[in-house]
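What you see is a predicted model, and the numbers here were worked out from it, not measured in a lab. As the structure lists them, so they are numbered: ligands from 1, and atoms in each ligand from 1.
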Amino acid sequence: MQFSQEDFEKAKDQLKLLKEDPGNEVKLNLYALFKQATEGPCNTTKPGMLDFVNKAKWDAWKSLGNLSQDGARQKYIELVSSLVSAESSKVKETPLGSKSVYETLEVTAKDNITQIMLNRPKVKNAINVKMYNEIMEALEEAAKDNSVVVVLTGNGDYYCSGNDLNNFANVSPTAVQEGAEKGAVLLKDFVNHFIDFPKPLIAVVNGPAVGIAVTILGLFDIVYASDRATFHTPFSNLGQTPEGCSSYTFPKIMGVSKATEMLLFNKKLTAAEACAQGLVTNVFPDNTFQKEVWARLKTYANLPRNSLAISKQLIRSMEKEKLHEVNAQECERLKERWQSDECMNAVINFFQRSKL
Ligand SMILES: CCCCC/C=C/CC(=O)SCCNC(=O)CCNC(=O)[C@H](O)C(C)(C)COP(=O)(O)OP(=O)(O)OC[C@H]1O[C@@H](n2cnc3c(N)ncnc32)[C@H](O)[C@@H]1OP(=O)(O)O
């Protein structure tokens, strides 16, 4: 089928209207086809090793070889229309009383419980900048709504794989310092939302948890985990340092040496180990996890809301100032870490890992 230049322009406009992120591979393919269709075969200089975002883009364009401009235009249009039809055919089934006003979350409010579900299952619920901001927004909403307890959980096989490492990837070498400063402001604000949250906050850890998804657990009031959940804080592997107040809460919860095994030496805990160390409140068999946990949550949600909120605030008020200080210090350290070769090389290695 022959496509006109007008069809090509139309596809370009349709792409801008897509809501879902199609993933890195598809985006690179679209980039390459667009360049081939508009400029022909790639004959620009290959970017350097460290400039790995532009290098990945160059590789994708080069891989099209001598594909004609018409051929590239046709493939581009076909790819865009497949993405558009995939998205429009998806009917959002949301439970009665739910509201899905977020791009990266599914927030439902029912039976006095507001559930904030991390909803980027294709990337193991990795937290990108959009999700950081939407979680803060959802917490602000939940603090004011008529819920008695608030739940954070994950969609899919993972609870959350921590910070989206693309947050550090799409930064040009000249903008690293500015990116680190912005990241530190965002992270501090994000963690403060958990320190200051006024209602009982319960983590329903449905699967493996990594990085910041684990460290902020020290700021939750209850942590229920499926027995298939694991808890991993690979910070030194990533050239980074602890966040989420874990440099203070973890030693308090589990003792300095157990906290050190996790935060310095990358030890991954099973759900049972995390429970034994006090990070997790209870572990449930995966096949009855949701049923057992939600039976408890519904009981909690029928208790007097003000008594629960005031009791929670009493418990947390003793440490709030300290937690804000710790959060500020951790973010200052990370600002320096994110500009280090140790961190940048670790992120490069992640995106260049073999996926055999
Ligand atoms: C504003 C800045 C604030 C910063 C706050 C600091 C926080 C500290 C941290 O959170 S550090 C921890 C960061 N997270 C990680 O290092 C985990 C990285 N991911 C993995 O190691 C693995 O993906 C896994 C172990 C979580 C899962 O492995 P598995 O083999 O089961 O699955 P895949 O690797 O194929 O993953 C499926 C796709 O999802 C993408 N993805 C997964 N996790 C992340 C992530 N954290 N960031 C970005 N992308 C992630 C993965 O790349 C695959 O995508 P693809 O299909 O397009 O290749």
Side-chain angles (χ1 to χ4, degrees), residues 20-30 52-53 56 60 104 118-136 154-171 175-176 178-194 205-219 228-247 250 262-264 266 268 327 330-340 342-356:
E20 299 237 332
D21 180 330
N24 295 337
E25 274 178 53
V26 172
K27 286 190 284 190
L28 279 174
N29 198 2
L30 285 164
F52 53 90
V53 172
T104 64
L118 307 182
N119 194 23
R120 296 184 75 213
K122 279 188 223 164
V123 287
K124 310 296 184 186
N125 298 325
I127 308 178
N128 60 9
V129 173
K130 179 82 178 169
M131 192 187 259
Y132 281 113
N133 286 301
E134 290 196 332
I135 291 171
M136 288 192 275
N155 182 18
D157 64 341
Y158 260 66
Y159 175 69
C160 173
S161 65
N163 185 47
D164 187 322
L165 295 173
N166 286 291
N167 290 335
F168 300 137
N170 304 326
V171 180
V176 169
E178 186 197 350
E181 281 158 5
K182 279 189 183 159
V185 169
L186 176 61
L187 174 62
K188 190 170 150 197
D189 192 13
F190 178 76
V191 175
N192 280 342
H193 274 70
F194 288 89
V205 186
N206 57 294
V210 186
I212 190 162
V214 178
T215 54
I216 56 173
L217 291 177
L219 302 173
R228 60 181 293 276
T230 55
F231 299 81
H232 193 200
T233 50
F235 298 138
S236 58
N237 284 343
L238 291 164
Q240 297 187 47
T241 44
E243 81 292 297
C245 297
S246 59
S247 58
F250 278 30
M262 288 189 78
L263 301 175
L264 276 71
N266 310 298
K268 184 193 287 190
N327 182 24
E330 288 175 343
C331 294
E332 274 310 300
R333 293 290 80 72
L334 276 167
K335 195 160 46 172
E336 174 272 325
R337 292 280 79 220
W338 291 331
Q339 300 176 70
S340 68
E342 286 178 346
C343 179
M344 273 187 240
N345 291 336
V347 172
I348 292 173
N349 294 337
F350 172 73
F351 285 112
Q352 294 185 338
R353 73 199 184 288
S354 67
K355 298 208 38 164
L356 299 174

Tell me whether [X] reaches ligand 1 (any heavy atom closer than 4.0 angstrom to a ligand atom).
X: Asn167; value: no
X: Phe190; value: no
X: Lys122; value: yes
X: His232; value: no

With heavy atoms of [X] as the reference, note each atom of ligand 1 found under 4.0 Å away.
X: Ile212; answer: 7 (C), 9 (C), 10 (O)
X: Gly162; answer: 10 (O)
X: Trp338; answer: 4 (C)
X: Ala126; answer: 44 (C), 45 (C), 46 (N), 47 (N)
X: Tyr158; answer: 24 (C), 25 (C), 26 (C), 27 (C)
X: Leu186; answer: 1 (C)
X: Glu243; answer: 6 (C), 7 (C), 8 (C)

Nearest non-hydrogen atom to atom 14 (N) of ligand 1 belongs to which of Ser161, Ala180, Gly183, Pro242?
->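 The residue whose heavy atom sits nearest atom 14 (N) of ligand 1 is Ser161.
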N/O donor-acceptor pair under 3.5 Å between Glu330 side chain and Cys245 backbone |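 Yes, because the side chain of Glu330 sits within donor-acceptor range (under 3.5 Å) of the backbone of Cys245.
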Between Asn125 (side chain) and Tyr159 (backbone), is there a donor-acceptor pair under 3.5 Å?
->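 Yes, the answer is positive, given that a donor and an acceptor are paired below the 3.5 Å cut-off.
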What part of [X], side chain from CB on, backbone N/CA/C/O, both or neither, has a heavy atom under 4.0 Å from ligand 1?
X: Arg337; answer: neither
X: Tyr132; answer: side chain
X: Val123; answer: both
X: Leu238; answer: side chain

State the [atom1]-[atom2] distance between [X] and [Y], to the nearest 0.5 angstrom.
X: Leu187; Y: Ile216; atom1: CG; atom2: CD1; value: 10.0 Å
X: Phe235; Y: Glu243; atom1: CZ; atom2: CD; value: 4.0 Å
X: Met262; Y: Lys268; atom1: CE; atom2: NZ; value: 11.0 Å

Does the pair Arg337/Glu342 count as a salt bridge with the N-to-O cut at 4.0 Å?
->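 Yes, charged N to carboxylate O under 4.0 Å.
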Counting only heavy atoms not in Lys27, do more than 12 sit closer than 6.0 Å to its NZ atom?
->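 Count over threshold, so yes.
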Given Lys335 and Glu332, is the salt bridge (Lys or Arg N to Asp or Glu O under 4.0 Å) satisfied, shown in steps?
-> CA-CA 5 Å; Lys335 195 160 46 172; Glu332 274 310 300; 3.2 Å; yes
Let me see the working for Met344 and Val176 under side-chain contact (heavy atoms from CB on, under 4.5 Å), right down to the final yes or no.
-> CA-CA 10 Å; Met344 273 187 240; Val176 169; 3.8 Å; yes
Asn128 versus Asn166, side-chain donor and acceptor atoms under 3.5 Å |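 No donor-acceptor contact under 3.5 Å links the two side chains.
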So is there a nitrogen or oxygen of Gly211 less than 3.5 Å from a nitrogen or oxygen in ligand 1?
->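 In fact, backbone or side chain, Gly211 has no N or O that close.
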Looking at ligand 1, does any of its N/O atoms fall within less than 3.5 Å of an N/O of Asn24?
->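 Checking ligand 1 against Asn24, no N or O pair falls under 3.5 Å apart.
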Side chains of Asn237 and Phe350 in contact at under 4.5 Å (non-hydrogen atoms) |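 No; the side chains remain at least 4.5 Å from each other.
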